[in-house]
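To start, the structure itself, in structure tokens.
For this chain, numbers begin at 1 and follow the sequence in order.
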Amino acid sequence: MDYRIKYRYEDFIVNEVSMINYLDLKEYGQYTYFYITKRGISSFELAEHVAKIFECAVSQITFSGLKDEEGITSQLMAVNKSLDRDRTLAVIRSFHDSNLLEMKLLGYSDHGLKIGKLLGNSFKICIRNLDAALIEHMKSHMVSNRYFMPFVNYYDDQRFGMPGRVKNTHKIGEAIIHDDLGRAVDEYVKANPAIELLEIPSQGPALEVFSRIEPDKYVFFLNSHMSYHWNEKVEHIIKDNTDTLCYVPCEVHNWAIPLNVTNLIASVGMETEYCYYKYSADGLTVKKSQRKIFDFATLYFSDFDRDEFFDGKYKMSVSFFLNSGQYATMVLKQLMMRLEQEYEKVKLR
């Protein structure tokens with residue numbers, strides 16, 4: 001099925017659902033809180049923009065989650081700097097950037113934001129280039145335009161690289177972990193072709209080198225590897241417990257999913273261990289937690305209409321909420337595979 005998502009930035013809308021109660025923010029505090037809507041840039045690039053606007057280091061910008069660059073996304077950011085309210089509002093009013101659609105000053109706090117400390121994200125996504133027959137099939141099989149779906153909670157391609165670039169951040173992280181500086185640099189240059197090799201030290205511990213050249217991203221590289229390793233672990237669990245499989249197409253690997261997710265949940269359980277790296281004042285440590293192998297999403301469909309960009313085709317919008325660390329694109333891939341399978345069965349009757 002040749003469906004299309006992210007055809008335009010406006011087709012992929014994400015709103016962060018924070019743990020922060022805005023009413024708890026104060027008139028004064030060490031951290032200045034903003035709610036920012038961006039498009040076409042990553043959260044890392046957004047942090048660089050904000051640091052430039054308020055003349056501070058990127059390390060002073062804190063946020064809770066990485067948002068997709070191929071869409072319009074909104075999230076909290078906190079600057080570790082007590083900015084004057086009137087001056088900050090004047091800066092916001094005078095600043096113009098096509099990638100920063102809106103910036104709101106929310107208030108102040110004595111604490112910054114931490115990665116992962118959010119409830120999740122709400123999505124509204126336009127799916128394009130659909131056949132009219134599929135649209136009619138969906139309408140006839142939904143209750144109040146809702147669709148309840150189990151899914152395998154794999155990390156998707158965004159975890160492993162930027163759009164339009166090679167997806168290899170997990171390979172960079174693996175090389176750093178094994179202290180293979182040469183391989184780490186080779187993979188890093190593949191993902192950043194504009195980088196000059198002369199700018200990168202050729203000797204020294206890989207972790208130390210990357211903590212200097214990418215101080216805000218080197219832990220991301222390590223955890224990208226841990227995420228890929230978790231995906232592999234989950235795929236092995238699935239393959240060890242069922243032979244009825246199909247495969248989700250991804251750039252880094254086509255991950256196996258069971259044809260009957262619900263039956264597999266009963267035999268393997270809902271969660272498995274996930275390890276990750278965390279940097280603190282005590283240095284870099286490995287932490288352990290649980291991550292869901294499977295979860296459920298309630299999808300709400302709307303805006304069924306002719307597609308203005310694909311002749312003779314139709315479009316629809318789907319809205320849903322996912323917990324922190326879950327990938328809307330992975331849910332959509334599994335949704336479209338499921339819908340296509342259901343539709344093919346109907347055609348054979």
Side-chain angles (χ1 to χ4, degrees), residues 42-48 57-69 112-118 153-163 165-193 195 197 199-236 250-253 255 271-293 324-327 330:
S42 69
S43 294
F44 288 125
E45 292 169 319
L46 175 60
E48 292 171 0
V58 175
S59 59
Q60 291 177 263
I61 311 300
T62 63
F63 50 91
S64 297
L66 300 175
K67 300 295 177 282
D68 203 305
E69 49 267 45
L113 295 164
K114 294 182 179 179
I115 287 288
K117 297 299 182 181
L118 71 160
N153 191 29
Y154 284 123
Y155 290 92
D156 207 356
D157 286 327
Q158 304 95 301
R159 183 64 168 166
F160 310 112
M162 300 279 283
R165 298 187 190 178
V166 61
K167 301 295 188 290
N168 68 342
T169 54
H170 57 298
K171 294 181 181 180
I172 299 171
E174 181 183 37
I176 294 172
I177 290 169
H178 290 99
D179 198 24
D180 188 341
L181 179 61
R183 185 159 68 94
V185 170
D186 286 345
E187 294 293 344
Y188 181 71
V189 171
K190 287 179 188 177
N192 301 273
I195 293 290
L197 280 173
E199 299 175 13
I200 305 175
S202 59
Q203 294 182 333
L207 181 63
E208 182 181 316
V209 169
F210 273 83
S211 68
R212 292 203 310 269
I213 64 174
E214 284 284 17
D216 302 303
K217 293 182 184 177
Y218 78 97
V219 177
F220 170 76
F221 294 149
L222 303 181
N223 285 327
S224 178
H225 167 67
M226 302 303 276
S227 299
Y228 189 87
H229 178 69
W230 188 88
N231 274 14
E232 290 182 315
K233 177 181 177 181
V234 167
E235 185 172 60
H236 288 148
C250 298
E251 291 185 52
V252 295
H253 181 78
W255 302 106
E271 297 182 340
T272 190
E273 186 177 82
Y274 172 63
C275 298
Y276 62 97
Y277 285 86
K278 184 176 181 180
Y279 182 80
S280 67
D282 299 324
L284 196 64
T285 56
V286 178
K287 302 287 186 179
K288 294 181 179 180
S289 68
Q290 294 290 310
R291 177 177 168 88
K292 288 184 177 181
I293 303 173
S324 175
Q326 297 180 334
Y327 286 75
M330 179 56 69

TODO: Go through the steps for E174 and Y228 under the test side-chain hydrogen bond (donor to acceptor under 3.5 Å, both in side chains), then give the verdict.
DONE: CA-CA 10 Å; E174 181 183 37; Y228 189 87; over 6 Å; no
[X] [atom1] to [Y] [atom2] distance, which is reported to the nearest 0.5 Å:
X	Y	atom1	atom2	result
I115	K278	CD1	NZ	11.0 Å
I172	F160	CD1	CZ	12.5 Å
K292	E271	NZ	CD	7.0 Å
Y218	I176	OH	CD1	9.5 Å
T272	Q290	OG1	CD	6.5 Å

TODO: Can you sort out the partners of F63 under ring-ring contact (aromatic ring centres under 6.0 Å, His included), two or more places apart, ordered by chain and number?
DONE: none
TODO: Can you sort out the partners of P163 under side-chain contact (heavy atoms from CB on, under 4.5 Å), two or more places apart, ordered by chain and number?
DONE: E69, E70
Task: Atom of K190, atom of N168 and distance for their closest heavy-atom approach - done: CB-ND2, 3.8 Å
- [ ] Would you please name every residue forming a side chain to side chain donor-acceptor pair (under 3.5 Å) with Q326, sequence neighbours left out?
- [x] D295
Task: S224 side-chain N/O to R159 backbone N/O, donor-acceptor pair under 3.5 Å - done: yes
Heavy-atom side-chain contact between [X] and [Y] under 4.5 Å:
X	Y	result
K233	Y274	no
H229	C275	no
E45	M162	yes

Open item on the list: Looking at E187 and R183, is any side-chain nitrogen of the basic one under 4.0 Å from a carboxylate oxygen of the acidic one?
Closed with: no
